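Structure record follows, encoded as structure tokens.
Model, not experiment: these values are computed from the prediction. Residue numbering restarts at 1 for every chain, and letters A, B, ... go by the order of the sequence lines.
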Protein chains: 2
Amino acid sequence: MSDLDQIITDYDLWYLNLPVVSSRDHGIGRVDGSCELIILRLRAEGGAEGFGEASPWSVFTGSPEASYAALDRYIRPHVVSRRVSDRASIMADALKAVAHCTEAKAALETALFDLEGRITSRPVHSLLGGKHRDTIPLSVSLADPDWSKDRALLDRLHDEGVRIVKLKTGFGEQAFDLMRLEELRQDFPEFSVRVDYNQGLASETALEHVREVAEFRPDFIEQPVVHWDYETMAEIREAIDVPLLADESVFGPEDLARASREGICDGVSVKIMKSGGLSRAKETAEQAARNGLTAYGGDMFEAGLAHLAGTHMIAATAEITLGCEFYQARYFLHEDILEEAFPCDGGVVTVPDGPGLGARPSIDKLNHYSRSEARAA
Amino acid sequence: MSDLDQIITDYDLWYLNLPVVSSRDHGIGRVDGSCELIILRLRAEGGAEGFGEASPWSVFTGSPEASYAALDRYIRPHVVSRRVSDRASIMADALKAVAHCTEAKAALETALFDLEGRITSRPVHSLLGGKHRDTIPLSVSLADPDWSKDRALLDRLHDEGVRIVKLKTGFGEQAFDLMRLEELRQDFPEFSVRVDYNQGLASETALEHVREVAEFRPDFIEQPVVHWDYETMAEIREAIDVPLLADESVFGPEDLARASREGICDGVSVKIMKSGGLSRAKETAEQAARNGLTAYGGDMFEAGLAHLAGTHMIAATAEITLGCEFYQARYFLHEDILEEAFPCDGGVVTVPDGPGLGARPSIDKLNHYSRSEARAA
């Protein structure tokens, strides 16, 4: 029997509430108090384990309750008693088992890759086709409604070597956005600046807002209007000479094809929580490049386990050239769940080369932050 | 104070498991054993009540767990303490409060309309703009993997005056579909026949299957391939001379605009559970008509309360000319939840003219079929 013929015997879930250190405002909603995540642990008959994280955002991809139910009830029967080597076929089944819940599907594929990597002593980026880079530039988002707190964060980021920030705009007044951009350019000239609206603008008035912001020459401006409004996205892209990026408008390869055809963006945010897994995220980025679009590695409000999955995906995806945003484990969560710190320092994320994801969550922390009813036995 | 200035004071939920009388196979999944529905009851300070139903299908619109969480946690704060007259603004907030969960939003708008209708003594169809029809032709779906059971059902339908059936295809062999179509044409010539694949065909081979089925000249053929595959939908539409209808490909007005532009269908299935409410369902049908598309009133696996909401919506929407499918309360559920039977007889649904929805669920039945943890106090 090949090692990968092992049967998956155990399937455990944790529903976590992770306290955060600051508030974050975005066009489509606010995050305050805590992040709610679902952790999946698979175990094969030989005893090897694989972990995956679902990081839902209720206003964007769906609720944590939906993610939990997807993993607990709808996806579980397609996994338990299957072979580790059935990964692709398990994922095809999971994709159809329940509508939406892309975060749950990302957690599943992460755990399957981690498990396979542990058994074969290969890092996940190798299972995904091989490593294209050793480090990934880190972008940190500025989204605190209290700008003085973000200014303090900027000082810290500067000291720690971070040189890319993304300003979250469109949740307050235009004047607030312009003031922050002005101070960023004047007081923090070392930073490369990106702008992200998270769908925050009304379609009718979006262009005039975006035009003023474009004068600050950010690297790009992201998702100014509601996800389905491809027409306004295409109009804005035509009208400004700063690259326009799509986030909520492009979840996976299916949207990418159409987004490219309709010319709604110059680049795309690739996230495993949107695409429903690492393979589909990689495919989205590859398809973007074939259509002349750039890509960066975005994320949701994640802990280090999801960051790791994204890191391996980006490491194995040459087409993601604009860095990553895996800052939450270090800069947003009160405490991360990994046994060791997520490998992010000096303004870059370092790609792990150990088996599987290269790190694992602490079971003590999982149990500590877990809702009692969803704690694995 | 106007009657509609009353504050909404109570917001109660039931999570129901309703036993069903038969199995149903569809391209995207099977329903067996029971339907899981969420019922919402609103109460205004004057004591008037309004009810709404969310009828999720996990492989299509989302899971019942997701619907329940949407109503219980994410939508509730936008409703309680608001005025009855705030309906449109409450709905705008609910639309953004959580991603997907269109069934939960449909339940909310149903309950708000019912409440407003009870208070003003007006039927919901009147609140929606006025009644265009008194009865709606009923289509009953044939989806039992055991064809002999559907043949027995056909005899019953015939006796009861039903003259439209929809054959669910693509979940088994092509030969099974053709055999059933042949027997339908030979042994039940009085019936008008529709065909629905529920995305059951592979895109590469869909056309050859559909071509053979089109030779039986059904009224229309519905959603042969996966929802996002607009290209294959458009190709099939080009290639056959039977009308092609879109269901999973068109949830609401946003999809309709694109579906029409890309020529993927000749008509569309309009469902409040897809559009996220009665107003948006009506808007979808109106937009369809403006683009030269026909529309029929579809549904999910619903109880009579959701049927009532759909009935009022169709009554008020001239553009829905192909009848409705509100057969589950009578032909699929072991027992419906309404106090009186859903008004469906002689092959038509009769539009109620009483205040609100014109009927209400039995609280005894709600409590009887409710999961204990989700029973209203």
*Which of A/A97, A/A70, A/A69 touches chain B most, by non-hydrogen pairs under 4.5 Å*: A/A69
*Portion of B/P56 that has a non-hydrogen atom of chain A nearer than 4.5 angstrom*: neither
*asked:* Please find the pair of heavy atoms, one from B/G62 and one from A/A99, that lie closest to each other, and give the distance.
replied: N-CB, 3.9 Å
Looking only at N and O atoms, which donor-acceptor pairs between chain A and chain B are within less than 3.5 angstrom?
residue: A/E36; atom: OE1; partner: B/R73; partner atom: NH1; Å: 2.9
residue: A/E36; atom: OE2; partner: B/R73; partner atom: NH1; Å: 3.3
residue: A/E36; atom: OE2; partner: B/R73; partner atom: NH2; Å: 2.5
residue: A/S58; atom: O; partner: B/A99; partner atom: N; Å: 2.7
residue: A/T61; atom: O; partner: B/H100; partner atom: NE2; Å: 3.2
residue: A/E65; atom: OE1; partner: B/Y74; partner atom: OH; Å: 2.8
residue: A/E65; atom: OE2; partner: B/R73; partner atom: NH1; Å: 2.8
residue: A/R73; atom: NH1; partner: B/E36; partner atom: OE1; Å: 2.9
residue: A/R73; atom: NH1; partner: B/E36; partner atom: OE2; Å: 3.3
residue: A/R73; atom: NH1; partner: B/E65; partner atom: OE2; Å: 2.8
residue: A/R73; atom: NH2; partner: B/E36; partner atom: OE2; Å: 2.5
residue: A/Y74; atom: OH; partner: B/E65; partner atom: OE1; Å: 2.8
residue: A/A99; atom: N; partner: B/S58; partner atom: O; Å: 2.7
residue: A/H100; atom: ND1; partner: B/H100; partner atom: ND1; Å: 3.3
residue: A/H100; atom: NE2; partner: B/T61; partner atom: O; Å: 3.2

